[in-house]
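This report concerns only the one structure given below.
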Number of protein chains: 2
Amino acid sequence: MKQLFGTHEHRLDAKGRVSVPAAFRNAWKDVPDMTIVLRPSLIAGCVEGWPMPAYAKYEQELAAMAETDPNRQGWATKIYSDAVELELDGQGRIAIPDHLAAEAGLGEVVCFLGRGSHFHIWAPDGAKVFLEATRALAPKLTFGAPPA
Amino acid sequence: MKQLFGTHEHRLDAKGRVSVPAAFRNAWKDVPDMTIVLRPSLIAGCVEGWPMPAYAKYEQELAAMAETDPNRQGWATKIYSDAVELELDGQGRIAIPDHLAAEAGLGEVVCFLGRGSHFHIWAPDGAKVFLEATRALAPKLTFGAPPA
DNA sequence: AGAAATCCCATGATTTCCCATAAAGTGGGG
DNA sequence: CCCCACTTTATGGGAAATCATGGGATTTCT
């Protein structure tokens, strides 16, 4: 499974559908019966989307926990109960469920961020703030001409 | 994977395409399904290009960070969200996305600098300044050769 | 039957593919 | 050493495929 790159803005139509960026779809084009898991992000303010094969990693972590571990129920809630599994339609779109869209404050335009194994869906403003805040976490060296 | 050498000027066409220097393409001609990752350089002012196999170094760095480490989000933004994965067309060209070209101030002529594992894409002036500034950072030994 | 979800087709814009050409580099023979 | 044929490179442009998006028709559920 290839990694997910880039930021892509797309438009939610009247039926709540959005095109998943072609760049993402190409990353899993050889996986048969591909599905996407959507759930509220642990980072507030966005929806997280996982290609099913990558989501298996969470399932393994859960399986590794003892049946009696009290954290287990918390994990199971986040991984399963709060999540939805979706298929893409014939045009490569998904329909974002209302409760997820509302929780993330999504409007007509949404912004997909590739995060390697998975992706984020933000309202455009939220994406901008998030990108700038996270970029600032590492220093930047400057040589030569400043950007125009 | 061979190292990338040299300085090469090429021309962006009306569709935003540039030929990747043949010297670079030859370095990875035996890698199947080769792709290039472009992203804003951590050094301001240029676009950085990475042959996919070499980019794995960043992916490993990210994987080594704890899930809870705040720097992890910073890296994921720089490595994935700010980056694009591209293929070469049949003529060995890549299409540089507008936002990357704009951020690096690229005009019609761009300058490729081999950097071993990866390469830089600069506007010609930026490349000149960068090369001179960085040359000055390396010590120079003098033996025998007459001063100019 | 009515509401909602799903399937399918349509369309304009963009991107990719493929062919063409000119310049430059390569090698061999005389 | 020079010239010629051939290959590789860089670049341009038109045709074809893909993408994002909208909307109608059909099905499903209650």
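None of the values given here were measured: they were computed from a predicted structure. Lettering of chains follows the sequences in order, A, B, ..., and the numbering in each one begins at 1.
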(request) Spell out, yes or no, whether A:V109 and A:L38 are grouped together once hydrophobic residues are joined by side-chain heavy atoms under 4.5 Å, including indirect joins. (result) no
Protein-nucleic acid N or O pairs under 3.5 Å, nucleotides 28-30 of chain D:
none

(request) May I have the step-by-step check of salt bridge (charged side-chain N to carboxylate O under 4.0 Å, His left out) for A:K57 and B:E67, ending in yes or no? (result) CA-CA 13 Å; A:K57 131 188 164 162; B:E67 296 276 350; 3.3 Å; yes
(message) Counting only heavy atoms not in B:D30 (residues, nucleotides, ligands), do more than 12 fall under 6.0 Å from its CG?
(response) yes
(message) Categorize B:E87 for me: base, sugar-phosphate, or nothing, with a 4.0 angstrom heavy-atom threshold over every strand shown.
(response) nothing
Pairs: protein N or O with nucleotides 12-16 of chain C N or O, under 3.5 Å:
from	atom 1	to	atom 2	distance (Å)
C:dT16	O4	B:K15	NZ	3.4

(request) Please state how far atom CG in B:N26 lies from atom C1' in D:dT8, giving the value in whole angstrom units. (result) 10 Å
(request) Measure the distance from CD1 on B:I94 to P on D:dA10 and round it to the nearest whole Å. (result) 13 Å
(message) Within the supplied structure, the quantity of interest is the number of heavy atoms (other residues, nucleotides, ligands) at a distance under 6.0 Å from A:N71 CG; does it exceed 12?
(response) yes
(request) Look at the rings of A:Y58 and A:W50 and say which category their plane angle falls in: under 30° parallel, 30 to 60° tilted, over 60° perpendicular. (result) perpendicular
(message) Checking the side chain of A:S19 only, and the main-chain atoms of A:R93 only, is there a donor and an acceptor separated by less than 3.5 Å?
(response) no
(request) Please determine, for the side chain of B:R93, which listed nucleotide (D:dG22, D:dG13, D:dC19) has the closest atom? (result) D:dG13
(request) Measure from CD on B:Q91 to P on C:dA20 and round the result to the nearest Å. (result) 12 Å
(message) Just the rounded figure in Å: distance from C1' of D:dT18 to CZ of A:R25.
(response) 9 Å
(request) Grab the NE2-P distance between B:H10 and D:dT8 for me, whole Å please. (result) 17 Å
(request) Please determine if A:R115 and A:E48 form a salt bridge, counting it only when a charged side-chain N lies under 4.0 Å from a carboxylate O. (result) no
(request) For the pair B:H10 and B:F112, name the ring-plane relationship: parallel under 30°, tilted 30 to 60°, perpendicular over 60°. (result) perpendicular
(request) Taking ring pair (Phe, Tyr, Trp, His ring centres under 6.0 Å) as the test, write out the residues that go with A:H8, two or more places apart. (result) A:F24
(request) Grab the CZ-C1' distance between B:R11 and D:dT9 for me, whole Å please. (result) 15 Å
